[in-house]
Engineer: 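This structure is in structure tokens; I'll ask about it shortly.
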Amino acid sequence: MNEDNLKEKEELKPSISFIEQFIAEDIKDGKNGGTIVTRFPPEPNGYLHIGHAKAICLDFGMAKKYGGKCNLRFDDTNPVKEDVEYVDSIKEDIHWLGFDWDNREYYASDYFGKLYNFAVELIKRGLAYIDDQSAEIISNQKGTPNQPGTVSPYRDRQVKESLDLFERMNKGEFEEGSRTLRAKVDMTSPNMDMRDPIIYRIIKSPHHRTGNKWNVYPMYDFAHGQSDYFEGITHSLCTLEFEVHRPLYDWFVEQLKTSDYRPRQIEFNRLNLTYTMMSKRKLLELVQEGNVKGWDDPRMPTLCGLRRRGYTPESIKRFVDLIGYTKVEAINDVSLLEHAVREDLNMKSPRVFGVLNPLKVIIQNYPEGQVENVELINNPEDENMGKRHVPFSKEVYIEQDDFMETPPNKFFRLAPGMEVRLKGAYIIKCEGFKKNPSTGIIEEVYCTYDKETRSGGSGSERKVKGTLHWVSAAHAADAEVRLYDRLFNHEDPSGQKDDDYRKFLNPDSLKILTGCKVEPSLLTAKPLEKFQFQRLGYFCVDSDSTESKLVFNRTVSLKDTWAKVNK
RNA sequence: UGACCCAUGGUGUAAUUGGCAACACGUUAGAUUUUGGUUCUAAAGAGUCCAGGUUCGAAACCUGGUGGGUCAACCA
């Protein structure tokens with residue numbers, strides 16, 4: 001093998017993330033029987049966003065690649081925050097992304113019985129105790145990261161007494177907040193998480209799955225690792241902020257284990273995107289305060305928002321693939337996400353004509369009443385997508401931006417005396433225009449067409465600098481088009497210590513255009529259908545769209561080098 | 001006055017685990033184009049946070065700094 005071959009081979013082998021390296025090593029070393037089982041563990045307290053997509057791709061992706069399974073597990077240990085509404089949307093979004101958990105749909109609440117028994121077991125072994133102190137006192141005793149904590153006076157309470165109290169807590173005999181169950185670990189540990197963490201608290205709100213069966217509920221730290229253990233998870237992948245929880249995770253598993261089997265927690269960096277934020281709490285505030293129209297507002301980084309905006313699952317997966325998994329706290333440029341959708345939609349979406357800001361062009365020498373159905377290619381990237389016919393007539397709409405009374409240098413569009421091609425039809429020449437004398441607005445443009453230049457015809461090889469999209473006035477369908485811009489005008493709106501994120505809300509993040517004109521073939525377009533409005537961008541039929549009122553969302557504009565030059 | 005984690009072009013990641021710092025996005029040119037799209041070609045842009053050390057050789061290993069992050073919910 002020569003050097004070139006070697007090089008080529010290397011390029012074919014994509015580098016794998018540090019997580020995948022760990023997984024591959026574990027499997028190779030025969031850990032846990034050389035198997036891999038992962039899990040995606042959302043809390044059903046909100047909608048999934050693109051950050052979750054990153055976790056989903058990893059959890060399901062690794063399992064698939066290494067011949068294992070990935071479970072869906074709802075981390076529903078806090079009944080006051082959770083709801084079935086969210087369970088359904090989470091499942092829908094995972095499926096939309098293209099992943100499936102077969103029948104392995106689990107709930108941490110399924111393990112409440114086992115968890116309770118394990119807690120009892122820990123009490124019996126002297127490793128847990130009931131604390132009667134208030135939250136405030138416990139917090140004070142915990143110390144600070146710099147100072148060790150002090151032990152609770154209840155730490156050495158009799159096992160029998162703790163057992164009895166725990167049982168009565170669960171029977172509902174005590175008020176919320178009056179007592180907790182704590183693990184007896186180490187109040188002097190430099191890791192705050194290990195300072196006798198609270199593992200059970202009294203909550204009297206009904207749980208969305210177990211109703212009023214329980215009055216005590218396990219904390220995250222007492223549920224997650226154990227749930228992993230019960231399900232035979234081998235690799236428990238989570239985000240960086242859980243790094244400090246790992247010693248406790250391992251501590252509980254150590255108390256629980258009955259064999260060599262061990263789940264392994266590995267942490268990776270969260271997905272951050274410029275000009276938006278991922279905090280579920282803050283996204284909820286945006287919805288509640290009316291700064292967006294709902295969880296699925298196309299400006300939201302939620303999966304349902306991105307879906308409504310016109311993003312494809314493939315583009316999101318591609319994006320996730322491009323940014324990778326590391327331990328660096330990174331903030332990813334949205335332009336990479338936009339690149340990913342454009343790349344995908346360029347291959348997939350049919351081209352159509354849509355005029356956002358119509359300007360009427362009258363072709364003076366075109367016969368009155370004549371209509372020609374001109375043929376257009378649906379997608380130059382994919383011949384299989386075929387062709388379509390679009391009606392052309394004496395009066396057409398073009399984009400207001402495509403005409404200028406006094407054009408700057410290198411303006412390849414319509415202006416007095418200039419020629420352009422109407423794509424798929426004829427070359428036209430601007431002979432004049434009508435301007436409203438009081439407003440200065442151009443109201444009509446008058447042209448003549450060169451009959452010999454019809455596309456596909458014998459004179460069609462004549463070149464002009466510009467080609468415009470257009471819609472026949474008599475045949476156009478009306479549409480509303482919603483243009484979206486970044487929700488915030490700061491790269492990191494929620495990361496500013498002195499400023500509230502609301503300060504950075506972009507007042508122009510949504511622009512609604514009415515009276516847009518689109519080609520008649522779009523009349524039958526259905527919600528979520530995607531198109532490229534030629535020369536403008538990618539658009540998606542909104543769920544508000546009806547047969548009598550078409551509504552499109554702009555997913556992303558096309559790259560526009562003219563707009564750049566023009567600046 | 002802590003523990004743990006992190007630091008590579010503008011951004012995100014690579015570097016066959018000690019051997020010529022590479023890729024993608026973005027940017028800038030040029031070519032192609034009946035989309036100022038796409039595609040193609042090229043260029044600019046980091047010498048790897050800093051200072052020492054080990055080594056023939058360090059982005060990688062060691063020591064010490066600096067900077068950033070996480071941890072003190074009866075949230076997850």
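First the proteins, then the strands, lettered A, B, ... as listed; each starts at 1.
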Engineer: Since syn is defined as within 90° of 0, does B/G47 count as syn or as anti?
Structural biologist: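 Base orientation relative to the sugar is syn.
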Engineer: Would you mind reading off the distance between A/Met194 atom CE and B/G2 atom C1', rounded to a whole angstrom?
Structural biologist: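 Computing the A/Met194:CE to B/G2:C1' distance gives 16 Å.
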Engineer: Any donor and acceptor pair, going by atom type alone, linking the side chain of A/Asp76 with main-chain N or O of A/Ala108 inside 3.5 Å?
Structural biologist: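 Confirmed, A/Asp76 side chain pairs with A/Ala108 backbone.
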Engineer: Using a 4.0 Å heavy-atom cut-off, does A/Asn146 contact any base of the nucleic acid, only the sugar-phosphate backbone, or nothing at all?
Structural biologist: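 Touches a base.
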Engineer: Side chain of A/Arg535, heavy atoms from C-beta onward: which of B/C74, B/G26, B/U35 has the nearest atom to it?
Structural biologist: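 Nearest to the side-chain atoms of A/Arg535, counting from C-beta on, is B/U35.
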Engineer: Please classify the glycosidic conformation of B/A31 as syn (within 90° of 0) or anti (everything else).
Structural biologist: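 Anti for B/A31; the angle lies over 90° from 0.
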Engineer: Taking OP1 and OP2 of B/G36, is either one under 4.0 Å from a side-chain nitrogen or oxygen of A/Thr467?
Structural biologist: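 Negative; the distance criterion is not met.
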Engineer: In a check of side chain to side chain contact (heavy atoms under 4.5 Å, CB included) between A/Tyr538 and each of A/Arg342, A/Glu338, A/Lys530, which one passes?
Structural biologist: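 When A/Arg342, A/Glu338, A/Lys530 are each tested with A/Tyr538, the side chain to side chain contact (heavy atoms under 4.5 Å, CB included) holds only for A/Arg342.
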Engineer: May I have the distance from A/Leu536 (atom CG) to B/U38 (atom C1'), rounded to whole angstrom?
Structural biologist: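 For the pair A/Leu536 CG and B/U38 C1', the rounded distance is 16 Å.
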Engineer: Considering only the P atoms, how many Å lie between B/C20 and B/G67, rounded to the nearest integer?
Structural biologist: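 The answer is 33 Å between these two P atoms.
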Engineer: Counting side-chain heavy atoms from CB outward, which of B/A76, B/U34, B/U11 is closest to A/Ser460?
Structural biologist: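 Of all the options, the side chain of A/Ser460 is nearest to B/U34.
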Engineer: Does any N or O in the side chain of A/Thr144 come within less than 3.5 Å of the main-chain N or O of A/Asn146, such that one atom is a donor and the other an acceptor?
Structural biologist: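 Side chain of A/Thr144 to backbone of A/Asn146, a donor-acceptor pair under 3.5 Å: yes, one is there.
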Engineer: With rounding to the closest Å, how many angstrom separate the C1' atoms on B/A7 and B/A59?
Structural biologist: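 Here B/A7 and B/A59 have their C1' atoms 11 Å from each other.
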Engineer: Looking across every strand, which nucleic acid part, if any, lies under 4.0 Å from A/Asn45 by heavy atom: base, sugar-phosphate, or nothing?
Structural biologist: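 The residue A/Asn45 makes no contact with any strand.
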Engineer: Need one value for A/Glu176: base, sugar-phosphate or nothing, where a base atom within 4.0 Å counts as base even if backbone is also close, heavy atoms only.
Structural biologist: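 Contact class for A/Glu176: none.
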Engineer: Should the ring pair A/Tyr86 and A/Tyr47 be called parallel, tilted or perpendicular, given that the plane angle runs from 0 to 90° and is split at 30 and 60?
Structural biologist: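 Taking A/Tyr47 first and then A/Tyr86, their aromatic rings stand perpendicular (interplane angle over 60°).
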Engineer: Between A/Tyr217 and A/His207, what is the ring plane arrangement, given parallel below 30°, perpendicular above 60°, and tilted in between?
Structural biologist: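 The arrangement is parallel - the two ring planes meet at less than 30°.
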Engineer: Are A/Tyr449 and A/Tyr426 an aromatic pair, judged by ring center distance below 6.0 Å?
Structural biologist: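 That pair passes the under 6.0 Å test.
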Engineer: Select base, sugar-phosphate, or nothing to describe what A/Lys465 touches, counting heavy atoms under 4.0 Å on all strands.
Structural biologist: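 The answer is nothing, as A/Lys465 stays clear of every strand by at least 4.0 Å.
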Engineer: What does A/Ser455 touch in the nucleic acid at a heavy-atom separation under 4.0 angstrom: a base, only the sugar-phosphate, or nothing?
Structural biologist: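 Contact class for A/Ser455: base.
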Engineer: How would you label the glycosidic angle of B/U70: syn (within 90° of 0) or anti?
Structural biologist: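 With its glycosidic angle more than 90° from zero, B/U70 counts as anti.
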Engineer: Please check the phosphate of B/U35 (OP1 and OP2 only) for any side-chain N or O of A/Arg421 closer than 4.0 Å.
Structural biologist: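 Checking B/U35 against A/Arg421, no side-chain N or O comes under 4.0 Å of OP1 or OP2.
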Engineer: Would A/Arg209 count as a cation-pi partner of A/Tyr107, with NZ or CZ less than 6.0 Å from the six-membered ring centre and within 45° of the ring normal?
Structural biologist: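 That pair qualifies as a cation-pi contact.
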Engineer: Under 4.0 Å, heavy atoms only, any strand: does A/Lys559 hit a base, just the sugar-phosphate, or nothing?
Structural biologist: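 Result for A/Lys559 = sugar-phosphate.
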Engineer: Judged by each residue's nearest nucleotide on RNA chain B, which is more toward the 5′ side, A/Ser17 or A/Phe533?
Structural biologist: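 Going by which nucleotide is closer to the 5' end, it is A/Ser17.
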Engineer: Using atom CG of A/Leu336 as one end and atom P of B/U11 as the other, report the distance to the nearest whole Å.
Structural biologist: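 Spelled out: CG on A/Leu336 to P on B/U11 is 14 Å.
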Engineer: Looking across every strand, which nucleic acid part, if any, lies under 4.0 Å from A/Gly324 by heavy atom: base, sugar-phosphate, or nothing?
Structural biologist: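 No contact at all - A/Gly324 keeps every heavy atom at 4.0 Å or more from the nucleic acid.
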Engineer: Please work out if A/Ser134 contacts a base, only the sugar-phosphate, or nothing of the nucleic acid, heavy-atom cut-off 4.0 Å.
Structural biologist: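 Base contact.
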Engineer: Roughly how far apart, to the nearest Å, are B/C75 and B/U66 at atom P?
Structural biologist: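 Here B/C75 and B/U66 have their P atoms 37 Å from each other.
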Engineer: Determine the Euclidean distance between corresponding P atoms of B/A14 and B/A24; express it in Å to zero decimal places.
Structural biologist: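 So the two P atoms sit 15 Å from each other.
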Engineer: Any ion pair linking A/Arg157 and A/Asp131 (charged N to carboxylate O, less than 4.0 Å)?
Structural biologist: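 Not counted as a salt bridge, because no side-chain N and carboxylate O are separated by less than 4.0 Å.
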Engineer: Reckon A/Glu399 touches a base, only the sugar-phosphate, or nothing at all at heavy-atom distances under 4.0 Å?
Structural biologist: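 Here A/Glu399 touches no strand at all.
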Engineer: Separation of A/Leu322 atom CG from B/G26 atom P, in whole Å?
Structural biologist: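 From A/Leu322 CG to B/G26 P: 11 Å.
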Engineer: Need one value for A/Pro148: base, sugar-phosphate or nothing, where a base atom within 4.0 Å counts as base even if backbone is also close, heavy atoms only.
Structural biologist: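 A/Pro148: no heavy atom of the nucleic acid under 4.0 Å.
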Engineer: May I ask whether A/Tyr220 stacks on the base of B/A76, given the cut-offs of 5.5 Å between ring centres and 30° between planes?
Structural biologist: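 Per 5.5 Å and 30° rule: no stacking.
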Engineer: Determine the interplanar angle of the A/His224 and A/Tyr220 rings, folded into 0 to 90°, and report it as parallel if under 30°, tilted if 30 to 60°, perpendicular if over 60°.
Structural biologist: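 Aromatic pair A/His224/A/Tyr220 classed tilted.
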Engineer: Please pick, from B/U27, B/G26, B/U38, the nucleotide with the shortest atom-to-atom distance to any side-chain atom of A/Lys564.
Structural biologist: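 Looking only at heavy atoms from C-beta outward on A/Lys564, the closest nucleotide is B/U27.
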Engineer: How is A/Arg342 classified with respect to the nucleic acid when contacts are heavy atoms under 4.0 Å: base, sugar-phosphate, or nothing?
Structural biologist: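 The answer is nothing, as A/Arg342 stays clear of every strand by at least 4.0 Å.
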Engineer: Could you give the distance separating B/G65 and B/C56 at their P atoms, to the nearest angstrom?
Structural biologist: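 Result for the P pair: 28 Å, nearest Å.
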Engineer: Could you tell me the separation between the CD atom of A/Glu267 and the P atom of B/C4, rounded to a whole number of Å?
Structural biologist: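 These atoms are roughly 14 Å apart.
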Engineer: Report yes if a side-chain nitrogen or oxygen of A/Lys81 is closer than 4.0 Å to either non-bridging phosphate oxygen (OP1 or OP2) of B/A76; otherwise report no.
Structural biologist: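 For B/A76, neither OP1 nor OP2 has a side-chain N or O of A/Lys81 closer than 4.0 Å.
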Engineer: For RNA chain B, which consecutive runs of 3 or more Watson-Crick or G-U pairs (each distance under 3.5 Å) count as stems?
Structural biologist: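 Ordered by first number, the stems with RNA chain B (at least 3 consecutive pairs each) read B:2-7 with B:66-71, B:10-13 with B:22-25, B:27-31 with B:39-43, B:49-53 with B:61-65.
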Engineer: When all nucleic acid strands are considered with a 4.0 Å heavy-atom cut-off, which category describes A/Arg195: base, sugar-phosphate, or nothing?
Structural biologist: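 Result for A/Arg195 = nothing.
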Engineer: Could you list, one pair per line, each protein nitrogen or oxygen that sits under 3.5 Å from a nitrogen or oxygen of nucleotides 69-73 of chain B, together with the distance?
Structural biologist:
from  : atom 1 : to       : atom 2 : distance (Å)
B/G69 : O2'    : A/Glu329 : OE1    : 3.2
B/G69 : O2'    : A/Glu329 : OE2    : 2.2

Engineer: At under 4.0 Å between heavy atoms, what does A/Ala135 touch on the DNA or RNA strands: base, sugar-phosphate, or nothing?
Structural biologist: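 Contact class for A/Ala135: base.
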Engineer: Under 3.5 Å, is there a donor on one side chain and an acceptor on the other for A/Ser521 and A/Glu519?
Structural biologist: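 Yes, side-chain donor-acceptor contact under 3.5 Å.
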Engineer: Take A/Gly424 and A/Arg179, find for each the nucleotide of RNA chain B with the closest heavy atom, and name the residue whose nucleotide sits nearer the 5' end.
Structural biologist: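 Final value for this comparison: A/Gly424.
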Engineer: Rounded to whole angstroms, how far apart are CD1 on A/Ile331 and P on B/G26?
Structural biologist: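 In whole Å, B/G26 P lies 18 Å from A/Ile331 CD1.
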Engineer: Tell me what A/Ser189 touches on the nucleic acid: a base, only sugar-phosphate, or nothing, going by heavy atoms under 4.0 Å.
Structural biologist: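 It contacts nothing in the nucleic acid.
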